[in-house]
Every structure is written in structure tokens, then in C-alpha cells.
There are 2 protein chains.
Amino acid sequence: MPELSSCAVHTATLKPWDLATTCSKLAAAGVAGVSIWRDKVAPDEGGVGLEEAVKIVKSSGLAVPAYVRGGFFPAADAGERRVAVDHNKSMLDEAAALGAEQVVLVVGAVPSVPLNAARVQVAEGIAACVEHAEAVGVKLAIEPLHPMYAADKSCINTIASARAVCDEVDHPIVGVAVDVYHVWWDPDLEAQIAALGEESRLFGFHVCDWRVPTRDLLLDRALMGDGCIDVAGIRKMVERAGFAGLGEVEIFSTEHWAEDQDDYLDRICGRFVSAS
Amino acid sequence: MPELSSCAVHTATLKPWDLATTCSKLAAAGVAGVSIWRDKVAPDEGGVGLEEAVKIVKSSGLAVPAYVRGGFFPAADAGERRVAVDHNKSMLDEAAALGAEQVVLVVGAVPSVPLNAARVQVAEGIAACVEHAEAVGVKLAIEPLHPMYAADKSCINTIASARAVCDEVDHPIVGVAVDVYHVWWDPDLEAQIAALGEESRLFGFHVCDWRVPTRDLLLDRALMGDGCIDVAGIRKMVERAGFAGLGEVEIFSTEHWAEDQDDYLDRICGRFVSAS
């Protein structure tokens, strides 16, 4: 069973809390890390500002496995694609300041660009960020998203497809973040995770659960143990592949956000140990 | 552009109409076929009874590409799995009476059975039906379902996975029905459809569209041309693979079911020609 010393929680999991509250509560609970979403940092998204965010995080003593979420590379217009690359470079700077190991890439998709073309644009976009990532010492982790997000969030929907982009870009700073929610259904899951290990490309491991029935495509994720995913089984695959980083709890749930967040954090910690 | 003489419509697409109304309206519109869902036939689901259904369909002159939907093989209990096989044999009998070419298999999934085990149970269930299918002259078409249905509807979520079951069962009466809604996101789609053609396993082709954003996991399908799927592009792949059957319009949509069904059928016919 995993211990809390191997646990990180995404700020989006405890969305009602501000960054300072989340960090102090996580540290007090014995959680080892926090993965930070940009809305808690960037003033243009309502965040506290980078300088303040850095102070909060450093003083909390928490590790920061990931800064979330870069990507969104595809666009019909080349100018828009350049803007996206610049935005990702800014996120790499912010991630470096926060001491984050990696920027998680939700690579993007737009209905106006066919999926195969979008996948090419994703590889081009990531390639354009690699030098900057290396300069600031922050990794780029492609997160394959569930195929139900292929229309407008991510044209990369399997680990195999993420690995193909990694092959294309071919740089050790580019790897993959595996979220059980997105990949649990994949009949090829075990072999794909093993391949990521062999390629030294397994950068992140995100946990939550798939609620049955799922009532909303985006905001109805479940706490580990409340759904149908064999989270512990997937953790074993990830560990066999050599992953030794923090497991990141990433749950978007209108139901859980409406609860008392202290009670909820207690349950998150309990379930991380007992059901992930 | 496809013509209405190559079009069939599922009874579930025009759910508010009874079987007789659907058949007479489709025939009057120049549509060539109707794929019949069991709820319009079986008295235990509110249908008109098999004898009456057969009369309605035969007198309409419509072809019947598919009887929908068998499958649902996996279960933790072996007795339940035997009941599922018997139910599928009954559906094969009903399909034969209706003159249906194939029974479409939504293969099933239950949270209590791990996906890999469920896939084995699916192959066993189909194998147990093959002799009966041959005896009554009705094909069995595995329909891979979108991965968002992996928890409770289908453990077969890609064409590749369906082909693996076909390989396991290894009988020419078992093939695959390709629905654009379920497979459009697959980066390997073109090669997989081509493989189905080479294996003589491409039994059905279903069309609709993916609404952006999709508001419900089950009942928010779009009319061809109203979403982001390149339906015409996938049709070309299917035709290159040698498919010469009817294209089946299968749309579950609370929005469209609430509309005037005559107007809606007009649009279905128009879009089948212009956008599929």
C-alpha cells in the first residue's frame, strides 16, 4: 500500500480552496506534494501572482511534481499556433520558478483541424518548446486524454499515440503522464506502461476513479475506490515500469467540490493509502 | 455522395414512432432499409410481438441489415452468462424471422469483472452462439463501443480489440460493425478498417456525428454534418475495404426525439446524402 509520503494532490482537486489554504492543509495532512494549476497562479486566471505563489509553495515545504496544464497546440491558424508555443514557454518559466518537475501537456484538439493533422501540429508545438524546457530544467509530460475528449481537448488519446509523438520529437525531456481515468480501458495498457518504462518516458502518475454511471463528461470523477478502475493494479504496472515519483490525486467533481473540503481531504488521504 | 438507396435507419433513431409508422415513413422516403431494435418487437420490452413485426417489415419492402442488440455476455456468475447466451440465441431466431442479415452485439461489461476477464467471457459467449447463428443464417457483428462505455456497456472499445475476439472465435459468421461515433478518434482507424476488409469481417457501417460539446454520454448524438466527425472520410475507408452494404443511421438524441419526426426524417435523408 502506498503511503502519504508518496502522495501529491492537484490544486484542482480541492478547487474551492485558494493556493495558500491548499498548501497548508496538504502539508498538515502529511501529503508530500502539490501539483499546481495555473488558475491558482496567473493573475489573468484569478491567481495570486507568480511571486506570491512561489512564496506559498516554498514555505509549505511541499514538492511540486507538476504545473498544469500546458499544451493546446493545434489551431487552423499558424499565428495561433505560435501564440500557443509562446504560452507554453511562459508556463515553463512559471513551472521553473515554482520548482515544478514537469509541465503537463493537454495537447489540444479543435473540430476544424482533422485529428491526424492536429497530431502533427502537436509534435511541432512540443518540438518548438524543447530547447526552452531544457534551458529552464522542466520536463514536458504529454497526458493522453480519454477518447471522449478527442473533439476539443486532446487529439492524443492513448499511451501509444503519446509515445508516437515522443518518438517524433525524440528528446529525453519529453515524456508521458499516465492518468488512470484516461487509460484504464486500454486493452494494451500493461504493455504500453512497460514500454514507457523502458524508454524512460514515464514522468507522472495520476489517480482518481471512474464513477458508474458517469453523469458528466468532465466533472464527475470519483475518489479512488468509488468507481470501477483497478487503481492499485495500474499502480503495480507503473511501479514495475520503474516509476518512483509521487502519485498525484486529480479529481474534478462538482459533487466533491460542494462538500466540506477538510472532510474530503481526509477521505482523499485515506483512499490514497487503501485504494490506490 | 451516397444515395438513399444505400441508406438504412435504426428504429432507435426515430424512437417516438412505433414500428409500423417507422417502416411506412422510411419506405415512403425512399430509404432502403430499417435496422430493428428489440424494443419494437419483443412484448417484454413493449414491442408488437414477433409475428406482427415480421408482417410489418415484410410488407414494407425494406431490407433489414441488423437486429439490435445482442451481446451483454460478461457476468460474475456463470449461470448469468448461460442466460445471456440463451438470450442471444433467441435474438438470432427473431433476427432470422425478420430477415435481418446480422445481430449487432454490444458485448457488455460489468464493473465486477475486470476488463481482460470480461473480454475472455465475450469470446466464450460468442463462440457458444456461432453454431446457432450458422443454423439460422444470421451473422454476428461485434460493435466496438467508445471507451466511455467500458465500465458498463462494452469491454470491446476498438476495432483492433474486436478483431482479436474474431480471431479467437475464428468463424466467418462473426465480424464487426463499425460505428463512426465509437471509432472516429482512433489513430489507427484507416489500417483497422482495411484489415477488416481483408479479413471479410466488415459487416456493418453506422453513421451519426459527435456533437461539440457533447452534453450527455449516451443521448446526445448529432445528425451527420452537425458534429466533428469526418463521416464521408470514414465512408471512403469503408468502401475501399470493400463494404457494399447499407449505411445505417443510428442516432440517440433526446433533442432530436423531441422534434417533429417527419421533419427530422427529411433532414436525416438530406444529411445522409450530403454529409455522410
Side-chain angles (χ1 to χ4, degrees), chain A residues 109-120 122 144-165 180-191 209-220 222 225-230 232-234 237, chain B residues 109-120 122 144-165 180-191 209-220 222 225-230 232-234 237:
Chain A
V110 285
S112 57
V113 179
L115 285 175
N116 284 333
R119 288 166 188 143
V120 172
V122 166
L145 251 57
H146 194 285
M148 70 183 171
Y149 303 122
D152 51 2
K153 288 189 180 59
S154 177
C155 60
I156 302 293
N157 308 104
T158 60
I159 296 175
S161 193
R163 288 176 54 227
V165 173
V180 298
Y181 193 77
H182 298 304
V183 303
W184 71 279
W185 59 272
D186 188 343
D188 203 26
L189 184 59
E190 187 156 12
D209 212 334
W210 182 280
R211 199 181 175 284
V212 185
T214 288
R215 299 158 298 185
D216 184 87
L217 278 86
L218 197 58
L219 304 179
D220 198 27
D226 286 346
C228 66
I229 302 178
D230 177 14
I234 301 176
M237 296 178 198
Chain B
V110 285
S112 57
V113 178
L115 285 175
N116 284 334
R119 288 167 188 142
V120 172
V122 166
L145 251 56
H146 193 285
M148 71 183 170
Y149 303 122
D152 51 2
K153 287 186 182 60
S154 177
C155 60
I156 302 293
N157 308 104
T158 60
I159 297 175
S161 193
R163 288 176 54 227
V165 173
V180 299
Y181 193 77
H182 299 303
V183 303
W184 71 278
W185 58 271
D186 187 343
D188 203 26
L189 185 59
E190 187 156 12
D209 212 334
W210 181 280
R211 200 181 174 285
V212 187
T214 288
R215 300 158 298 184
D216 184 86
L217 278 87
L218 196 57
L219 304 179
D220 198 28
D226 286 346
C228 66
I229 303 179
D230 177 14
I234 301 177
M237 296 177 197

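None of the values given here were measured: they were computed from a predicted structure. Letters go in sequence order (proteins before strands), and every chain restarts at 1.
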Residues 147-155 of chain B: residues contacting chain A (heavy atom under 4.5 Å, by number): B/Pro147, B/Met148, B/Ala150, B/Ala151, B/Asp152
[X] versus chain B, the contacting section by heavy-atom distance below 4.5 Å:
{"X": "A/Ser112", "value": "neither"}
{"X": "A/Asp216", "value": "backbone"}
{"X": "A/Leu115", "value": "side chain"}

Heavy atoms only, distances under 4.5 angstrom: which of B/Ile229, B/Leu217, B/Val110, B/Leu218 has the most pairs with chain A? Name it, please. B/Leu217
Output the option from B/Asp188, B/Asp230, B/Thr214 having the highest count of non-hydrogen pairs under 4.5 Å with chain A.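 Maximum pair count with chain A is reached by B/Thr214.
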Residue part contacting chain A, namely of B/Arg119, when any heavy atom lies under 4.5 Å: side chain
